[in-house]
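First the structure, in the form of structure tokens, and then the observations on it.
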There are 2 protein chains.
Amino acid sequence: MAQSRADIIADQLEDLILTGAFSSGERLNEMQLAARFGVSRTPLREAFQKLGQSGLVEQIPHRGVFVCQPGPVELLEMFEVMAELEATCGRLAAQRISDSALTELRLANNNCQAAVDLQEADTYYRENERFHQIIYVQSGNSFLAGEAKRLHRRLKPFRRVQLKARGRLAQSMTEHEVIVAALTRGDAEGAAQALRAHVAVQGEKFHHLMMSLKPAAE
Amino acid sequence: MAQSRADIIADQLEDLILTGAFSSGERLNEMQLAARFGVSRTPLREAFQKLGQSGLVEQIPHRGVFVCQPGPVELLEMFEVMAELEATCGRLAAQRISDSALTELRLANNNCQAAVDLQEADTYYRENERFHQIIYVQSGNSFLAGEAKRLHRRLKPFRRVQLKARGRLAQSMTEHEVIVAALTRGDAEGAAQALRAHVAVQGEKFHHLMMSLKPAAE
DNA sequence: GTCAAATAAATTGTATACAAACGGCTTAAG
DNA sequence: CTTAAGCCGTTTGTATACAATTTATTTGAC
């Protein structure tokens, strides 16, 4: 993995954007950020190229780079794609998953349940991520796993919001059980449908939440 | 769309890599390429960041960037993902496609058939691309369309190879007809399955072709 | 003669300097 | 008073210069 100064800055900036440190449409001042990171503009600009490629910022020639937070519509679209990617991972994993991975999956799921009971949000998010990433890898398609990982990471901050919806956490756990069951019995279509629904509902919940917060969006 | 010098160079380099101007694993000499493009190393390095992000090159700190042509396994994986993306586009498009788009689709398909009859390869590839891109856009999910477009572009050179297989062209046209029919009657699952099969078979054909060319790969 | 260490050449990574383009301000005309 | 044109400051884009790291070569010891 590439790890020069510019790459580290790119990762840090990505984190800052994903955690919402910048408001959407805000311009990223090169000199300002260069001073903040204690480097010159050169590595910063190289980092911008990377961020632009993943759609986190928009680069307008001679005007600068602007953070590009997805709106409600684009977010729904991304959740829709995520649902399909996860469904595909599940369909393939049902046929290819190893016993040890199944054990790990159940372990992660149990840890999730424990975190729910103990109200430990951070633990829940970590174990939930592990649960999904195991399925990505077990698809046996590393390119697919990479793409799924990328989008999952991109949607991470919005998933957190969505999970705050009442009763969503418990429902999510039930869905996980269905997914594990389908994978255990090697039911490809069952796993695919369960995962698609599991992720799709996240997008819908998120959308409802957004609408309820912005009732009079013109 | 961003169009500075560095972005133009990135596109040109991408074309060069995709068309196979560089062999896999080859190092891209900065000074050499800078001279070739008539620019300094700075915009070139910015272009490298973008290429690295899309997986076309691997950047190793203090050692340089190396072109990263996918091997047979990774290629099959990419075709598998492409098949799913297209299937999803088809499933959504079946419900959302407009009449004018359907007309355009039939036109593109007719042009494809004409190109096959006249043995005009370039025309075929262009119209075939148009056919697929219409379906991407008509999915009504612009994020999905963008992802599909990206991967389609990435696989373009390998698709050309695959289409040289005997009888594949005629079969491909038949598959197109099935796809158009499904979209016309709004059959979401039918369109999805037809598109998945259409693309998946491309990956398989390509694989067979590779195996026949490299029979004794150790 | 072979292997290892040191040195030299080449290449990448970063900083700085310069050129070009954009946005905002002033100014002048209608 | 409004509007448009020109100038100035700021910011981006590119080139060059310098620093750091790697690789190849040479030299010396075993």
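Every chain is numbered from 1, with letters handed out A, B, ... down the list of sequences.
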ask   = How many angstroms lie between CD in Glu120(A) and CG in Asn111(A), if you round to the nearest 0.5 Å?
value = 10.5 Å
request  = Go through the steps to decide whether Arg168(A) and Glu175(A) satisfy the test salt bridge (Lys or Arg N to Asp or Glu O under 4.0 Å), and finish with yes or no.
outcome  = CA-CA 10 Å; Arg168(A) 177 69 195 117; Glu175(A) 290 163 7; 3.2 Å; yes
query = Between atom CZ in Phe48(A) and atom P in dT14(D), what is the gap in whole Å?
reply = 15 Å
task = Name every residue in residues 30-40 of chain B that has at least one heavy atom under 4.0 Å from any atom of DNA chain C, in order of residue number, or write none if there are no such residues.
result = Glu30(B), Met31(B)
request  = Write down the distance between CD1 (Ile60(A)) and P (dC22(C)), rounded to a whole number of angstrom.
outcome  = 12 Å
request  = Round to the nearest Å and state the distance from Glu46(B) atom CD to dT12(C) atom C1'.
outcome  = 16 Å
Asn29(A) side-chain proximity, nearest of dT11(D), dT11(C), dG13(C) = dT11(D)
remark   = Distance col, row Leu85(B):CG vs His132(B):NE2, nearest 0.5 angstrom, shows 13.0 Å
request  = Report the residues that fulfil ring-ring contact (aromatic ring centres under 6.0 Å, His included) with Phe131(A), sequence neighbours left out, ordered by chain and then residue number.
outcome  = His176(A)
query = Which nucleotide in the list dT12(D), dT14(C), dT22(D) gets nearest to the side chain of His62(B)?
reply = dT22(D)
task = Return the nearest nucleotide to the side chain of Thr42(A); candidates are dG13(C), dT16(C), dG13(D).
result = dT16(C)
task = Keeping the roles fixed (side chain from Arg159(A), backbone from His152(A)), state whether a donor-acceptor pair exists under 3.5 Å.
result = yes
inquiry  = By nearest heavy atom, map Arg63(B) and Pro43(A) onto DNA chain C; which one lands nearer the 5' end?
reply    = Arg63(B)
request  = Rounded to the nearest angstrom, tell me the gap between atom CZ in Arg5(B) and atom C1' in dA19(C).
outcome  = 12 Å
key: Rounded interatomic separation in angstrom, taking CG from Leu44(A) and C1' from dT16(C)   = 15 Å
task = May I ask you to evaluate whether Arg45(B) reaches the phosphate of dG13(C), defined as a side-chain N or O under 4.0 Å from OP1 or OP2?
result = yes
inquiry  = Between C1' on dG13(D) and CD1 on Ile8(B), what's the gap in Å once rounded to a whole number?
reply    = 12 Å
query = Does dT12(D) have OP1 or OP2 sitting under 4.0 Å from an N or O in the side chain of Arg27(A)?
reply = yes
remark   = For Ser24(A), the side-chain hydrogen bond (donor to acceptor under 3.5 Å, both in side chains) test, sequence neighbours excluded, returns none
key: Length of the line joining Arg41(B):CZ and dT11(C):P, which is rounded to integer Å   = 10 Å
message = Quick check for you: to the nearest 0.5 Å, what is the distance between Thr103(B) atom OG1 and Ile97(B) atom CD1?
response = 9.0 Å
